[in-house]
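Here's the structure, in structure tokens; my notes come after.
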Amino acid sequence: MSRFGFSRGPVDLAACRAQLADPAAGAYASFEGWVRNHNEGRDGVLRLEYEGYEQLGVKEGERIIAEALDRFDISSAHCIHRLGELEIGALAVWVGVSAAHRDAAFAACRYIIDEVKHRVPIWKKEHYADGNSGWVNCEACAAHATEAKGSHHA
Amino acid sequence: MSRFGFSRGPVDLAACRAQLADPAAGAYASFEGWVRNHNEGRDGVLRLEYEGYEQLGVKEGERIIAEALDRFDISSAHCIHRLGELEIGALAVWVGVSAAHRDAAFAACRYIIDEVKHRVPIWKKEHYADGNSGWVNCEACAAHATEAKGSHHA
Amino acid sequence: MFQIRVEYFAILREHVGCTHESLSTSAATVADLYAELDRRHVFPALGRLKVAVNDEFCDWSTPLRDGDSVVFIPPVAGG
Amino acid sequence: MFQIRVEYFAILREHVGCTHESLSTSAATVADLYAELDRRHVFPALGRLKVAVNDEFCDWSTPLRDGDSVVFIPPVAGG
């Protein structure tokens with residue numbers, strides 16, 4: 001069973017959580033990313049659109065989960081990321097970790113969400129109340145980096 | 001509505017989580033304590049029994065939630081602790097925190113569970129496969145502290 | 001002499017054999033009350049106990065008043 | 001000359017106007033291929049791009065082989 005996955009429909013949180021059950025686990029830490037109505041000081045976010053490079057994304061996601069299992073004393077860890085259009089308040093990403101003790105559960109949960117955000121090829125387009133939209137982390141680069149054009153692989 | 005509570009029946013996690021919804025919240029961190037089949041190196045835990053001093057417990061729990069809201073930049077935080085007999089795998093305690101950003105959500109969630117474990121008057125009796133049972137954190141004291149008898153308020 | 005109610009939880013409840021008792025005492029402080037009850041019940045040694053009066057944590061030096069409700073709090077173990 | 005498939009995602013997909021293209025090229029490396037396509041599409045400047053060949057991350061100096069599938073990866077923003 002895969003421990004990292006993409007989902008184009010709502011995530012069944014109870015089912016996700018149940019997969020981490022373990023009679024030796026005394027701690028369960030989870031993290032959810034929710035679509036919020038503001039980002040980097042800009043209000044009026046109406047909805048988000050997530051796009052993923054799925055074939056590479058699931059491999060990188062699985063590597064992150066494997067690293068977490070290797071680095072921390074945990075029982076299991078799973079992560080699911082939504083793709084497609086999401087409204088404010090919707091769940092965008094879920095991470096769940098079970099462990100004997102809470103130190104490891106918290107540390108692994110934090111590790112996974114941090115790595116997923118930085119390494120898994122997922123892109124987020126924000127749609128604003130004023131009718132504009134933009135790809136997060138890309139538009140600012142595109143705007144500021146005209147002079148650096150061509151240095152993409154420096 | 002109270003942000004810390006005791007429950008003598010199963011906790012409705014979906015309802016608990018829904019209470020923390022906030023359109024400005026991009027992060028939700030939660031922690032659950034599950035009844036595990038071992039404790040402090042001792043295997044064969046069959047079930048647990050939680051007893052609470054409820055009148056003081058809800059006050060202290062509310063104080064902890066208020067401290068978390070004061071110390072961390074979070075939207076909301078709730079905690080529910082089970083009382084009574086629980087089987088292995090059952091949820092014993094749930095903490096949920098929503099926030100704009102994940103740093104604060106994780107930090108506040110960790111703060112709340114740590115403080116609840118240390119400060120809220122709840123006691124846990126373990127029942128073992130060999131027929132023995134014991135109050136966690138009390139039996140060892142009782143066994144080792146005979147010579148220190150009477151120094152309870154030193 | 002005044003009336004005090006004492007509630008027992010967990011290991012102390014099991015040791016004493018009841019959830020609460022009402023008693024007349026002339027104990028000046030919470031610590032004095034504990035010492036008086038310890039002579040009767042011979043409480044198990046539990047390390048650092050806390051104590052609450054009228055459902056709030058308090059110091060062992062807190063003076064007792066008529067009608068107070070007292071709880072001796074063994075080491076907790078929530079979560 | 002060999003056949004290469006290039007997939008586009010997110011801001012690059014919108015810029016180029018298609019999800020993928022197949023092309024014949026003599027580009028020796030992934031970096032050379034990017035430069036060749038940049039002349040045609042004039043990609044937006046995106047800071048540090050990553051690149052994948054056959055669904056694995058790789059260096060920009062990776063040599064291209066016939067039948068390779070290439071993806072240029074704009075800055076990601078999951079979560």
Side-chain angles (χ1 to χ4, degrees), chain A residues 11-18 20-41 43-48 75 86-103 105-114 116-117 124 126 136, chain B residues 11-18 20-41 43-48 75 86-103 105-114 116-117 124 126 136:
Chain A
V11 174
D12 181 343
L13 289 171
C16 288
R17 171 181 177 277
L20 300 174
D22 180 337
Y28 168 77
S30 78
F31 176 82
E32 299 176 20
W34 293 349
V35 179
R36 62 170 188 253
N37 60 11
H38 61 101
N39 191 34
E40 288 169 16
D43 289 334
V45 177
L46 288 188
R47 62 181 202 281
L48 285 187
S75 302
L86 295 179
E87 303 296 314
I88 301 301
L91 180 141
V93 60
W94 167 83
V95 178
V97 177
S98 60
H101 301 286
R102 68 188 183 286
D103 272 344
F106 273 109
C109 188
R110 182 64 199 253
Y111 178 80
I112 292 167
I113 187 62
D114 286 355
V116 165
K117 279 173 176 262
K124 169 158 73 178
E126 291 177 341
V136 176
Chain B
V11 174
D12 181 344
L13 289 172
C16 289
R17 172 182 177 277
L20 300 174
D22 180 337
Y28 168 77
S30 78
F31 177 81
E32 299 176 22
W34 293 349
V35 178
R36 62 170 188 253
N37 61 11
H38 61 102
N39 191 34
E40 287 170 17
D43 289 334
V45 177
L46 288 188
R47 62 181 201 283
L48 285 188
S75 302
L86 296 179
E87 303 297 314
I88 300 301
L91 179 142
V93 60
W94 167 83
V95 178
V97 177
S98 60
H101 301 285
R102 69 188 184 284
D103 272 343
F106 273 110
C109 188
R110 182 64 199 254
Y111 178 81
I112 292 167
I113 187 61
D114 286 356
V116 165
K117 279 174 176 262
K124 168 159 72 180
E126 290 178 341
V136 175

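Residue numbering restarts at 1 for every chain, and letters A, B, ... go by the order of the sequence lines. All values reported here derive from a predicted model rather than from experimental measurement.
Between chain B and the options A:Gly96, A:Ala29, A:Gly33, A:Pro23, heavy-atom pairs under 4.5 Å are most frequent for A:Pro23. Of the listed residues (B:Ala105, B:Gly89, B:Cys109), the greatest number of heavy-atom pairs within a distance under 4.5 Å of chain A belongs to B:Cys109. Highest contact tally toward chain B, considering only A:Ala27, A:Ser98, A:Gly26, is held by A:Gly26 [criterion: heavy-atom pairs under 4.5 Å]. In terms of heavy-atom pairs under 4.5 angstrom with chain B, the leader among A:Ala24, A:Ala21, A:Ala14 is A:Ala24.
In this structure, chain A has no heavy atom under 4.5 Å from any part of B:Ala92.
Residue A:Ala100 comes nearest to B:Arg36 through the heavy atom pair O-NH1, 2.8 Å, listed as atom of the first residue, atom of the second, then distance.
Here the CG atom belonging to A:Asp22 is positioned 7.5 Å from the CG atom belonging to B:Asn37, to the nearest 0.5 angstrom.
Between the B:Arg110 side chain and the A:Phe106 main chain, no donor and acceptor come within less than 3.5 Å of each other.
A salt bridge links A:Asp114 with B:Arg102: at least one charged nitrogen is closer than 4.0 Å to a carboxylate oxygen.
Counting only heavy atoms from C-beta outward, the side chains of A:Arg17 and B:Leu91 approach each other to under 4.5 Å.
Aromatic ring orientation, A:Tyr28 versus B:Trp34: parallel (interplanar angle below 30°, classes split at 30° and 60°).
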